[in-house]
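To keep things clear, I will list the structure first and then write my remarks on it.
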2 protein chains.
Amino acid sequence: MADLAELAGVSKITVSRALSESPLVNAETRERVQALARKHGYKLNVSARNLRLRRSHTVAVIVEMKPSTERTMWDPYPLSLLGGISQELTSAGYSVLLTTRQGASHAAVQAADGLILLGQGARQDAVRLYDKLGLPMVVWGAAGDGGDNHTVVGSDNHQGGVEVAERFLSIGRRHPVFIGNPDHPEMAQRLFGFIDELTRHGIKPLLLRRVDFTLESGVDAVRSLWARKVRFDAIFACSDLLAMGAIRALVELGQTVPNDVSVIGYDDTPLGASFLPPLSSVRQNWQEGGVLLARKVLAMIHGQPVQSQMMATTLVVRAT
Amino acid sequence: MADLAELAGVSKITVSRALSESPLVNAETRERVQALARKHGYKLNVSARNLRLRRSHTVAVIVEMKPSTERTMWDPYPLSLLGGISQELTSAGYSVLLTTRQGASHAAVQAADGLILLGQGARQDAVRLYDKLGLPMVVWGAAGDGGDNHTVVGSDNHQGGVEVAERFLSIGRRHPVFIGNPDHPEMAQRLFGFIDELTRHGIKPLLLRRVDFTLESGVDAVRSLWARKVRFDAIFACSDLLAMGAIRALVELGQTVPNDVSVIGYDDTPLGASFLPPLSSVRQNWQEGGVLLARKVLAMIHGQPVQSQMMATTLVVRAT
DNA sequence: GAGGTGAATGATATCGATATCAAGATATCG
DNA sequence: CGATATCTTGATATCGATATCATTCACCTC
């Protein structure tokens, strides 16, 4: 910038003003300086600016969806959110700093203007940890206890459960089963919604705990029900893969879907949609979720009041 | 840092040295300063350090896989690579700055120590654009013309095509069809590999151009073949979705897979693996790809010699 | 005991930008 | 025509860290 100043025959500060479109500088001077800057390929030193302005124009995104730290980055789940976040933040002129929880101790994260936490961690420990940093923070997940310094955005898992229950009830199902892992706060909400709605009609679902969200796990779940000779006519699975596994096992056992047993999955993956038969599923709009997360951090950074928000889910009824 | 210096009764510079584990400082002093730093929650100002050291310990990842700029972040493809990149870089103490091409003009990207470009853009224009920045750069994609300042990492699409051809030949197929979009450099490589190997055995495949990589597009492709009464006994589809669509159409038309027609997809998605029948497909290891990308940039940043590299593909033979 | 060695610490300058205050040039007004 | 307002520019200090060179002091050797 000093060089530019010399070239243009003005002072550094005038160059600075010209490049930042300050109205304090003469239009002609501004043009001249900007032309020179382009010509010589001048590049602003972001560190210097950030140092002076005491802000980084950066939001750190910490990904930690599962207890298994090894695999966190691999699930398509956080990655979809990331898409929305990234688009919204970059178009607002902010940078996205991507880290896993291990990397989050690095200094760069602390320099961020705000934090987006994907996944609350077991027992909210991650949330508490980052709350201490005192940065504007938005968390993706189930609505927490609140009262902290952070905002929560998530999809309304409780409502998702309710919708599935309503659907089952409306088509006359009376012996529903829930497959999933209620230790996970978001899954728990789905279960609660499911139970709440069923209970209002005097029905009590069976809870089948499954930790792995794989196709095999779904197959296994149904087989175990069958082996125990449990009577059931509807399955609410916490993921599409579980649901597809369940259907596959049902078919093997000579059951037809949806005549004998209705099955509804969760997440409405393309995978489920192109399954045969096409899977009914609860859709969460992750793109929108990401955008919302980004908007909330930005609002917090700008000191605007921000509220937690749960996004509506949609039950997509296909063939199962 | 100045405050810490006063508290500890030493100078700023000594504090700096103590916190950076410099051997120039007395062990006892170092302990004392570090204890104070912890106690008062001291946080290093990264901007200041970066300014002084003239580096940012940051690698920018620019995502631009498809001509359609709107959707770039949504394909699971770049996102998987991102996982590997992120883990490798953060564990090496580097930060990952995530941007789309639109956001890449922002100053923060230019401040990065290195660049990872996911997707070369149509006609390599993106590559050329960023090459100008003069930063260490690694590009994911098909091996380019080389000779530029960047390194290319990608999976060996040509070999992938060859492997599929070999498989078809080994099971006696004589009328293969290729479905995909040869305008895309990576797809083109697959096609070339496919053709090269087949030609060695005097066989010429049929090329069916399809731009969309959806299930519907695959269905449509096979129907059009059928309508034209083309004779074919093997299909190499450029994506698993295309392959699954093709199979679905074949089944509708009364053909059996793989008895009448063999089908092989690309990418070995979980989707394909849990398809019925389980899809044969060419696997690219994206996790490894991401790790490799990260390692190469780091090497370039450290001034070590780096070479472009194509990763081997694996043909996973399942039921189709 | 003079000179040399090495360990520990400090003073100062510096990285590249911007905020603040000051000042010169020009325009406007009665 | 002088005074005040407006526009434009500049000098200086500053953000928070680290590199460089200088200094102090204890200890060792001959």
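A, B, ... follow the sequence lines: proteins, then strands. Residue 1 opens every chain. Just so we're clear, the structure is a prediction, and the values are computed from it rather than from any experiment. Hydrogens, waters and symmetry mates play no part in the numbers below; they use all other heavy atoms, side chains included.
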* Main-chain N/O of L82(A) paired with S86(A) side-chain donor or acceptor, under 3.5 Å -> no

* For dG10(D), does OP1 or OP2 lie under 4.0 Å from any side-chain N or O of T14(A)? -> yes

* Within less than 4.0 Å of OP1 or OP2 of dA17(C), is there a side-chain N or O belonging to Y42(A)? -> yes

To the nearest angstrom, how far is [X] atom [atom1] from [N] atom [atom2]?
{"X": "R55(A)", "N": "dA19(C)", "atom1": "CZ", "atom2": "C1'", "answer": "14 Å"}
{"X": "K43(A)", "N": "dA17(C)", "atom1": "NZ", "atom2": "P", "answer": "12 Å"}
{"X": "L4(A)", "N": "dT9(D)", "atom1": "CG", "atom2": "C1'", "answer": "17 Å"}
{"X": "L24(A)", "N": "dA11(D)", "atom1": "CG", "atom2": "P", "answer": "17 Å"}
{"X": "H57(B)", "N": "dA17(D)", "atom1": "NE2", "atom2": "P", "answer": "16 Å"}
{"X": "E6(B)", "N": "dG16(D)", "atom1": "CD", "atom2": "P", "answer": "15 Å"}
{"X": "R49(A)", "N": "dA17(D)", "atom1": "CZ", "atom2": "P", "answer": "21 Å"}

* Within-4.5 Å side-chain heavy-atom neighbours: L97(A) and V59(A) -> no

* Any side-chain donor-acceptor pair under 3.5 Å between S56(A) and D113(A)? -> yes

* Asked: Is there a donor in the side chain of E186(B) and an acceptor in the side chain of Q284(B), or the other way round, less than 3.5 Å apart?
  -> no

* To do: Could you tell me the separation between the CG atom of L89(A) and the CD1 atom of I116(A), rounded to the nearest 0.5 Å?
  => 5.0 Å

* Passing option when L118(B) is tested against I62(B), V138(B), L293(B) for side chain to side chain contact (heavy atoms under 4.5 Å, CB included) -> L293(B)

* To do: Have a look at T29(B) and say if it touches a base, only the backbone sugar-phosphate, or nothing, with a 4.0 Å heavy-atom cut-off.
  => sugar-phosphate

* Looking across every strand, which nucleic acid part, if any, lies under 4.0 Å from V10(B) by heavy atom: base, sugar-phosphate, or nothing? -> sugar-phosphate

* For the residue pair Y94(A) and H57(A), does the interplanar ring angle fall in the parallel (under 30°), tilted (30 to 60°) or perpendicular (over 60°) class? -> parallel

* Residue matched to dG30(C) through Watson-Crick or wobble contacts both under 3.5 angstrom -> dC1(D)

Pairs: protein N or O with nucleotides 12-15 of chain C N or O, under 3.5 Å:
{"unit_1": "dT14(C)", "atom_1": "O2", "unit_2": "R52(B)", "atom_2": "NE", "d": "3.3"}
{"unit_1": "dT14(C)", "atom_1": "O2", "unit_2": "R52(B)", "atom_2": "NH1", "d": "3.3"}
{"unit_1": "dC15(C)", "atom_1": "O3'", "unit_2": "R54(B)", "atom_2": "NH2", "d": "3.3"}

* To do: Name the residue closer to the 5' end of DNA chain D, choosing between N26(A) and S47(B) according to the nucleotide with the nearest heavy atom.
  => N26(A)

